[in-house]
Amino acid sequence: MADTPNPLTAEELIRSELGGKFNAVERYDTILWKVRSGYLAILYGGLGLLAGKGLDLASVSERQQGVLLAVLLLVWGFSACAALVDLGFVRAKLRVVIDSDALSDLALELSLDQANLSDVSDLLRDLLHNSGESSKPVPRRRVVQAVGFLVPLYLATPLVVTAIYFMVI
């Protein structure tokens with residue numbers, strides 16, 4: 001006679017999903033730092049190549065003014081695109097963090113017999129699903145806290161390039 005496997009328990013599901021959510025947060029962090037370091041490498045590498053070509057800002061010709069305007073627009077566009085990609089991954093990460101916190105709270109309530117599994121089954125079902133790709137809204141306060149330090153990263157270079165452009169032109 002074959003042994004029948006034990007049914008999967010809610011506790012095992014919660015433990016497994018919490019581990020998965022922690023791994024997802026780590027993966028989002030890895031992606032975010034790749035986006036940020038790639039942005040900096042490409043932006044400053046490109047600006048370094050341009051400066052290395054001997055662009056003399058003291059005497060800019062009309063032709064070079066067009067090039068400078070193109071560089072200015074490229075820096076702003078590239079920075080805006082990188083910031084939007086970063087923001088998208090930050091919001092996905094925050095969805096995972098929020099659901100992970102809620103799942104941890106629910107697990108604690110269940111373990112302390114402060115909640116009944118049948119009463120929280122709909123909430124548990126929702127928290128066991130993929131959080132990062134869901135369409136759940138993220139509170140604006142959490143987003144602002146998470147990206148506040150990124151504003152200088154994505155604004156500093158475009159503002160400096162803009163100031164240089166208007167000083168030269």
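Nothing fancy with the numbering, it's 1 onward along the sequence. Just the heavy atoms: all of them, side chains too, but no hydrogens, waters or symmetry mates, feed the values below.
A salt bridge links Lys21 to Glu17: one of the charged nitrogens lies within less than 4.0 Å of a carboxylate oxygen.
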- Task: Please report the C-alpha distance between Tyr165 and Val160 in whole Å, then the side-chain angles of each, then the deciding distance to 0.1 Å, and finally whether the side chain to side chain contact (heavy atoms under 4.5 Å, CB included) criterion is met.
- Result: CA-CA 9 Å; Tyr165 175 78; Val160 168; over 6 Å; no
- Stepwise side chain to side chain contact (heavy atoms under 4.5 Å, CB included) test for Ser79 and Leu155: CA-CA 7 Å; Ser79 296; Leu155 271 182; over 6 Å; no
- Message: side chain to side chain contact (heavy atoms under 4.5 Å, CB included), that's the test. Do Leu87 and Val143 meet it? Break it down for me.
- Response: CA-CA 8 Å; Leu87 180 62; Val143 174; 3.7 Å; yes
- Query: Taking it one step at a time, do Ile14 and Leu110 satisfy side chain to side chain contact (heavy atoms under 4.5 Å, CB included)?
  - Reply: CA-CA 11 Å; Ile14 291 171; Leu110 289 170; 3.8 Å; yes
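Applying the side-chain contact (heavy atoms from CB on, under 4.5 Å) criterion to Asp119, with sequence neighbours excluded, gives Asn116. Listed by chain and residue number, nothing satisfies the side chain to side chain donor-acceptor pair (under 3.5 Å) test with Gln114 (two or more places apart in sequence, or in another chain). Residues satisfying the salt bridge (Lys or Arg N to Asp or Glu O under 4.0 Å) criterion with Asp113, sequence neighbours excluded, are absent altogether. By the side chain to side chain donor-acceptor pair (under 3.5 Å) test, Arg36 pairs with Asp86, sequence neighbours left out. In this structure, Ser111 has no side chain to side chain donor-acceptor pair (under 3.5 Å) partners at least two apart in sequence or on a different chain. For Lys34, there are no salt bridge (Lys or Arg N to Asp or Glu O under 4.0 Å) partners two or more places apart in sequence or in a different chain.
Cluster membership for Val120 and Leu8, using ILVMFWY side-chain heavy atoms within less than 4.5 angstrom, is shared. Leu84 is not connected to Trp76 by any chain of hydrophobic side-chain contacts under 4.5 Å among Ile, Leu, Val, Met, Phe, Trp and Tyr, and they are in different clusters. A single hydrophobic cluster is seen to contain both Phe149 and Val25, as judged by linkage of ILVMFWY side chains at heavy-atom distances under 4.5 Å, directly or through other members. Each of Val85 and Leu74 belongs to its own hydrophobic cluster when Ile, Leu, Val, Met, Phe, Trp and Tyr are linked at side-chain heavy-atom distances under 4.5 angstrom. Ile42 is connected to Leu32 through a chain of hydrophobic side-chain contacts under 4.5 Å among Ile, Leu, Val, Met, Phe, Trp and Tyr, so both are in one cluster.
Here the CG atom belonging to Asp99 is positioned 11.0 Å from the CG atom belonging to Leu94, to the nearest 0.5 angstrom. The OG atom of Ser121 lies 11.5 Å from the CG atom of Asp126; values are rounded to the nearest 0.5 Å. Remark: Gln145 CD to Arg140 CZ distance equals 13.5 Å, nearest 0.5 Å. Separation of atoms OH (Tyr154) and CG (Leu43) is listed at 10.5 Å; rounding is to 0.5 Å. The CZ atom of Arg95 lies 9.5 Å from the OG atom of Ser131; values are rounded to the nearest 0.5 Å. Considering CZ of Phe22 and CD of Glu26, their distance stands at 9.5 Å, rounded to 0.5 Å.
Heavy atoms only, all atoms of each residue included: Leu124 and Ala10 are closest at CD2-CB, 4.4 Å. The shortest non-hydrogen separation linking Arg142 to Val138 is CB-CG1, 4.3 Å. Nearest heavy atom pair, residue Arg125 against residue His129, reads O-CD2, 3.3 Å. The shortest heavy-atom contact between Ala82 and Val35 is O-CG1, 4.2 Å. Smallest separation of non-hydrogen atoms from Val90 and Ala146: CG1-CB, 3.7 Å. For the pair Val75 and Pro158, the tightest heavy-atom approach, listed with the atom from each and the gap, is CG1-CA, 3.7 Å.
You'll find the side chain of Ile164 stays beyond 4.5 Å of the side chain of Leu68, heavy atoms only. Using a 4.5 Å heavy-atom cutoff, the side chains of Ile98 and Pro139 are in contact.
Between Phe78 and Tyr39, the angle of the ring planes stays under 30°, which puts this pair in the parallel group of the 30/60° scheme.
Formation of a donor-acceptor pair under 3.5 Å by the Ser100 side chain with backbone atoms of Val96 is not found in this model.
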